[in-house]
Amino acid sequence: MKIATFNVNGINGRLPILLRWLAERRPDVVCLQELKAPDEKFPAAAIESAGYGAVWHGQKSWNGVAILARNEVPVETRRALDDDQDDPHSRYIEAAVSGILIGCLYMPNGNPAPGPKFEYKLRWFERFSRHATYLLETGAPAVLAGDYNVMPTDLDVYKPERWVNDALFRPEVRQAFHKLIVQGWIDALRHLHPEERIYTFWDYFRNAYGRDAGLRIDHLLLSSSLAPRLRQAQVDRHVRGWEKASDHAPVWIELSSH
C-alpha cells in the first residue's frame, strides 16, 4: 500500500502535473495540500477519471486539503480539528481508507516570526498535537501526512544557519514537532534514511532546485502499530523538475499488507 503527500500549490493550475504523477506512481492514497480552490471548484471529475475517489475541504485562493484513494472513496471522519470550528482556514481533513485512518494537514507557515502569524502557527500546532494524542489513544492504525512547514533538524535544511529566525525552523516549532515524535509517532522518511540529506521543497527563486538548495517540510508520521509494516519511504524529486511544477515534490511510503 502506497500512501503519499503532495502540496500541489494550486490544484487546478497544476492538475496536469498531478494526473501525470498519479499515472506514473499509482499511489493508493494521496494527501493533497494548498488546493487554493473552493469546494465547488475541486476537479472531482478529472480525478475520478484517473481512478480516484476523493474527499476535500477547500477554500478560495488559499489553503485547502484533500484525500484521494485509488478505486474507492475515502470515508471522511473529520474536516477540522476538534476545537477550531471558528478557524476560517481549511487545513485539516481525515478519512478512513482500507482500515487506516489518514489525517491530511497543511500547517500554517507562521512568517514573519515573531508576530501574530507565528503565534497562530504555534496555537494550531498545539491543537493538532492534542488531536494526534487522541488518535494514538484510540489504538487505530493512523498516518498523519502533509506539509508541516517544519524542518525538524539541521539535516532537513540547506544552510541551516540562514534559517535560524524563520518560522519553519525556530526552536519553538522544532520542539513542537519533537513532541509529536515523543508521543509515539514515527517520522517515516527519517526512520528509513536516518543520516541522508533529503528535501521535499525547493523555492522557485535563485535556481534552488538546480542547486539542490531545499527543505524537508513534507512529512508522513506513522502510529507505532504501522512501523513494522514500513517498507519504503521516498521523495519523487524529479516531479519538481517538470515544467510548471509545484515547488514541492510528492513524498510517499510503502506499507506491507501485514
Side-chain angles (χ1 to χ4, degrees), residues 1-9 25 27 29-34 63 65-67 81 91-94 100-110 121-122 124-129 131-133 135-136 141-158 160 163 166-170 172-202 214-224 226-227 229-237 239-240 246-255:
M1 183 180 188
K2 290 179 183 174
I3 303 174
T5 183
F6 189 10
N7 180 322
V8 290
N9 192 14
R25 179 56 63 191
V29 183
V30 185
C31 294
L32 301 177
Q33 303 87 40
E34 278 203 275
N63 308 316
V65 285
I67 299 174
L81 298 175
R91 294 188 176 276
Y92 189 78
I93 192 167
E94 190 177 283
I100 297 178
L101 203 56
I102 307 290
C104 173
L105 67 138
Y106 176 47
M107 183 76 67
N109 178 287
K121 178 176 189 169
L122 294 179
W124 200 96
F125 213 141
E126 179 59 33
R127 294 199 301 267
F128 175 67
S129 184
H131 183 60
T133 299
L135 290 180
L136 287 178
V143 177
L144 296 176
D147 179 354
Y148 282 71
N149 270 317
V150 180
M151 296 93 79
T153 72
D154 286 4
L155 196 60
D156 302 309
V157 52
Y158 173 77
W163 293 82
D166 192 276
L168 280 66
F169 200 52
R170 284 180 64 99
E172 304 96 315
V173 174
R174 287 189 286 165
Q175 180 63 24
F177 187 89
H178 178 69
K179 286 181 179 179
L180 277 178
I181 301 302
V182 171
Q183 285 180 10
W185 296 94
I186 288 88
D187 179 347
L189 198 65
R190 191 53 72 207
H191 185 71
L192 292 186
H193 307 279
E195 303 298 333
E196 191 173 342
R197 189 170 291 278
I198 303 174
Y199 302 136
T200 66
F201 168 93
W202 297 262
L215 313 173
R216 188 176 78 97
I217 57 177
D218 304 274
H219 310 295
L220 294 107
L221 302 190
L222 312 183
S223 60
S224 55
L226 286 177
R229 295 173 53 184
L230 181 62
R231 294 293 175 265
Q232 291 192 73
Q234 301 290 341
V235 179
D236 282 341
R237 61 164 292 155
V239 176
R240 174 63 179 82
S246 170
D247 42 8
H248 295 250
V251 186
W252 58 272
I253 61 172
E254 184 172 348
L255 302 176

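Remember, predicted model here, so these are calculated numbers, not experimental data. Just so you know, residue 1 is the first one in the sequence shown, and it goes up from there.
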Asks: Quick check: do His178 and Pro152 have side-chain heavy atoms less than 4.5 Å from each other?
Replies: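 With C-beta onward as the side chain, the pair stays apart.
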Asks: Would you indicate whether the side-chain heavy atoms of Arg190 and Asp156 approach each other to under 4.5 Å?
Replies: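 Yes, side chains in contact.
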Asks: Between His131 and Glu94, do the side chains contain a donor N or O and an acceptor N or O under 3.5 Å apart?
Replies: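 Their side chains do contain a donor-acceptor pair, which is all the 3.5 Å distance test asks for.
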Asks: Would you call Arg91 and Asp147 a salt bridge, taking side-chain N to carboxylate O under 4.0 Å as the test?
Replies: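 Here Arg91 does not pair with Asp147 in a salt bridge, since their nearest N and O are not under 4.0 Å apart.
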Asks: I'd like to check the side-chain contact (heavy atoms from CB on, under 4.5 Å) partners of Glu126; sequence neighbours left out, ordered by chain and number.
Replies: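 Glu126: side-chain contact (heavy atoms from CB on, under 4.5 Å) contacts with Arg130.
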Asks: Please round to the nearest 0.5 Å and tell me the distance separating atom OG1 of Thr200 and atom NE2 of His248.
Replies: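 Separation between the atoms: 7.0 Å.
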Asks: Does the distance from a Lys or Arg side-chain N to an Asp or Glu carboxylate O, for Arg216 and Asp187, drop under 4.0 Å?
Replies: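 The answer is yes: the pair qualifies as a salt bridge.
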Asks: Would you mind reporting whether Tyr148 and Val173 have side-chain heavy atoms less than 4.5 Å apart?
Replies: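 SC-SC contact between Val173 and Tyr148 ruled out.
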Asks: Between CG of Leu168 and NZ of Lys121, what distance do you get to the nearest 0.5 Å?
Replies: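 One finds 4.0 Å between CG of Leu168 and NZ of Lys121.
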Asks: Within the 4.5 Å heavy-atom criterion, are Phe177 and His219 side-chain neighbours or not?
Replies: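 Yes, side chains in contact.
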Asks: For a 4.5 angstrom cut-off between non-hydrogen side-chain atoms, does Tyr92 reach Cys104?
Replies: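 Tyr92 does not reach Cys104 side chain to side chain.
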Asks: Any side-chain heavy-atom pair from Phe6 and Asp236 closer than 4.5 angstrom?
Replies: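 Contact flag for Phe6/Asp236 side chains = no.
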Asks: May I ask you to test the Leu220-Leu189 pair for a side-chain heavy-atom distance under 4.5 Å?
Replies: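 They are not in side-chain contact.
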Asks: Using salt bridge (Lys or Arg N to Asp or Glu O under 4.0 Å) as the criterion, list what pairs up with Asp166, not counting sequence neighbours.
Replies: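 Asp166 satisfies salt bridge (Lys or Arg N to Asp or Glu O under 4.0 Å) with no residue once adjacent residues are dropped.
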Asks: How about Leu135 and Leu144: do any of their side-chain heavy atoms sit closer than 4.5 Å?
Replies: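 The answer is yes; the side chains approach within 4.5 Å.
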Asks: Going from OH on Tyr199 to CE on Met151, what distance comes out if it is rounded to the nearest 0.5 angstrom?
Replies: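 The OH atom of Tyr199 sits 9.5 Å away from the CE atom of Met151.
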Asks: From Met107 CE over to Phe125 CZ, what is the distance, rounded to the nearest 0.5 angstrom?
Replies: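 Nearest 0.5 Å value for the CE-CZ distance: 4.0 Å.
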Asks: To the nearest 0.5 Å, tell me how far Leu230 CG sits from Ile253 CD1.
Replies: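 Here the interatomic distance stands at 6.0 Å.
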Asks: If I compare all heavy atoms of Tyr106 with all of Asn149, which pair ends up nearest, and what's the gap?
Replies: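 Residues Tyr106 and Asn149, closest heavy atoms: CE1-ND2, 3.8 Å.
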Asks: Compare every heavy atom of Ser224 with every heavy atom of Ile186, then report the nearest pair and how far apart it is.
Replies: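 Answer, listing the atom of Ile186 first, then Ser224: CD1-CA, 3.5 Å.
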